[in-house]
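Naming: A, B, ... by sequence-line order, numbering from 1 per chain. For the numbers below, each heavy atom of this structure counts, side chains included, while hydrogens, waters and symmetry mates do not.
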There are 2 protein chains.
Amino acid sequence: MDAALRLLEDQSLSSLGLREVTRAVGVAPAAFYRHFRDLSDLGVALVEESLGSLHHMINAVLAGQEGDEERIEAAVDAVAEHVRRYPAHIRFIARERHGGVRAVREAIAAELDRFADEVATAFCPQLPAESWPPEDVRMLAELYVDHMVMTATAFLEAQADHPGAAEERKVAATARKQLLLISLGRHHWHDE
Amino acid sequence: MDAALRLLEDQSLSSLGLREVTRAVGVAPAAFYRHFRDLSDLGVALVEESLGSLHHMINAVLAGQEGDEERIEAAVDAVAEHVRRYPAHIRFIARERHGGVRAVREAIAAELDRFADEVATAFCPQLPAESWPPEDVRMLAELYVDHMVMTATAFLEAQADHPGAAEERKVAATARKQLLLISLGRHHWHDE
DNA sequence: AAATTCAGCGAACGGCTGTTTACTGAATGA
DNA sequence: TCATTCAGTAAACAGCCGTTCGCTGAATTT
């Protein structure tokens, strides 16, 4: 799986060859079948590995009980740190989220749906129930999850194009402002 | 290009074969080289075709001088209609935006940057200049562009999973609410 | 009318692909 | 201790891949 992740840094899963993977590991092609049925099978395994670590990070941020701006700061920093530590994982997710392998796409979509559930239940107690019906909470959670993915890929491109930290700081500043803007909207939701 | 777009509906560009394209057209493999140097060359041509039509649509919506909610309605409807009309185009963009072919990724990023420029200049006259420095206008424009792409791919998945119009209406409702929330945040930007 | 560009042709090139087969030796468990 | 699972092997299979070559006929230009 590590070898595959490395190869997937500059190609997509649907063009990855089985032999290519075994060659990178230093193993006979047939040995692949001892571990995976398919390349798409390997793909869904990589989805679980890649989104598992992100999952822990998200929960940690969600558990913090700070105010709006502190939480935004913590979330953006956590995403930045995660991207710095596991760039290949999140590159894989960004690439295959709409990629050519159906099973992998569906695995990612299901996992991101679970993320949205958790964000929704984390935000629910903080929102006045009379102006936040469940479907509105859900739409807010989806906005947050999509924005997180968006921000993560922006960090990725920043560190790919420009190893220096300048571009990275610009991405962080933009992400913070966008989250602040969403927070403002959230506070004025349904108050005419 | 039409044949390639058709083949790319269920695979990504980096796994598309030159012979595969020529076979779909009914032409000898060597004929490909009369039109494109590479498959990535074909890719950037497809980017221009795909984002060109979207471009016109966006400008039409931006030119409309209605109020907030009317503009949101018009924008979401226009995106929905566009996805219905050119699903393969926008699927291609979603897939290759973070795909395995560098040149294509860069072409898409450059084009979306131009989109953000246009959104920024369209919104600029409506925003009080004292609370909206240029970089804040830019971050707003990027949020809108990313949300548009996000919404378009959501429509795509809705019509792929469920040919009926029910799922599609749900996506539209969510997108409208998210844009409304962003509008609220925009109106309360920097007013403590 | 002659010359030139153009798009396409068939054939060939070495090289890489996924998958199956039967076999091997080490680790594991009863 | 003996049987079984486990991970890996080499070899072979047919088939597809991108690319190059010289040639052809139509369209276009001069």
Using distance only, find each side-chain donor-acceptor pair of residues 145-153 of chain B under 3.5 Å and give its atom names and separation, not counting sequence neighbours.
residue: B:Asp146; atom: OD1; partner: B:Arg97; partner atom: NH2; Å: 2.9
residue: B:His147; atom: ND1; partner: B:Thr151; partner atom: OG1; Å: 3.3
residue: B:His147; atom: NE2; partner: B:Gln178; partner atom: OE1; Å: 2.8
residue: B:Thr151; atom: OG1; partner: B:His147; partner atom: O; Å: 2.8
residue: B:Thr153; atom: OG1; partner: B:Met150; partner atom: O; Å: 2.9

Please determine whether side chain to side chain contact (heavy atoms under 4.5 Å, CB included) holds for the pair A:Asp136 and A:His190, giving the CA-CA distance in whole Å, both sets of side-chain angles, and the decisive distance to 0.1 Å. CA-CA 11 Å; A:Asp136 287 14; A:His190 280 179; 3.7 Å; yes
With a 4.0 angstrom cut-off to heavy atoms of chain A, pull out the first and last contacting nucleotide of DNA chain D, in 5'-to-3' order. D:dA7 to D:dA12
Does B:Arg186 have any salt bridge (Lys or Arg N to Asp or Glu O under 4.0 Å) partners at least two apart in sequence or in another chain, and if so, which? B:Asp68
How would you list, by chain and number, every residue that makes a salt bridge (Lys or Arg N to Asp or Glu O under 4.0 Å) with B:Asp117, sequence neighbours excluded? B:Arg138
A:Arg84: side chain to side chain contact (heavy atoms under 4.5 Å, CB included) partners, not counting sequence neighbours: A:Ala80, A:Glu81, A:Gln159, A:Glu168
Do any pairs count as a salt bridge (Lys or Arg N to Asp or Glu O under 4.0 Å) and have a residue in residues 43-52 of chain B, sequence neighbours left out, and if so which ones? none
A:His98: partners by ring-ring contact (aromatic ring centres under 6.0 Å, His included), with sequence neighbours left out: none
Please report how far the helix from C:dA1-D:dT30 to C:dA30-D:dT1 bends, comparing the axis fitted to its first five pairs with the axis fitted to its last five, to the nearest 10 degrees. 30°
ring-ring contact (aromatic ring centres under 6.0 Å, His included) pairs touching residues 103-129 of chain B, sequence neighbours excluded, are B:His55-B:Phe115, B:Phe123-B:Tyr144
Side-chain heavy atoms under 4.5 angstrom apart, residues restricted to Ile, Leu, Val, Met, Phe, Trp, Tyr: same cluster for B:Tyr86 and B:Val47? no
Would you say B:Leu7 and A:Val101 are hydrophobically clustered, going by side-chain heavy atoms of ILVMFWY under 4.5 Å? yes
Contacts table for residues 26-40 of chain B: side-chain donor-acceptor under 3.5 angstrom, sequence neighbours left out:
none

Identify, residue by residue, the members of residues 35-47 of chain A with a heavy atom below 4.0 Å from DNA chain D, and return them in order of residue number, or none. A:His35
Between residues 2-28 of chain A and DNA chain D, which residues have a heavy-atom gap below 4.0 Å? A:Arg19, A:Val27, A:Ala28
Does any N or O in the side chain of B:Arg95 come within less than 3.5 Å of the main-chain N or O of B:Gln11, such that one atom is a donor and the other an acceptor? yes
Base, sugar-phosphate, or nothing: which does A:Phe32 touch, judged by heavy atoms less than 4.0 Å apart? nothing
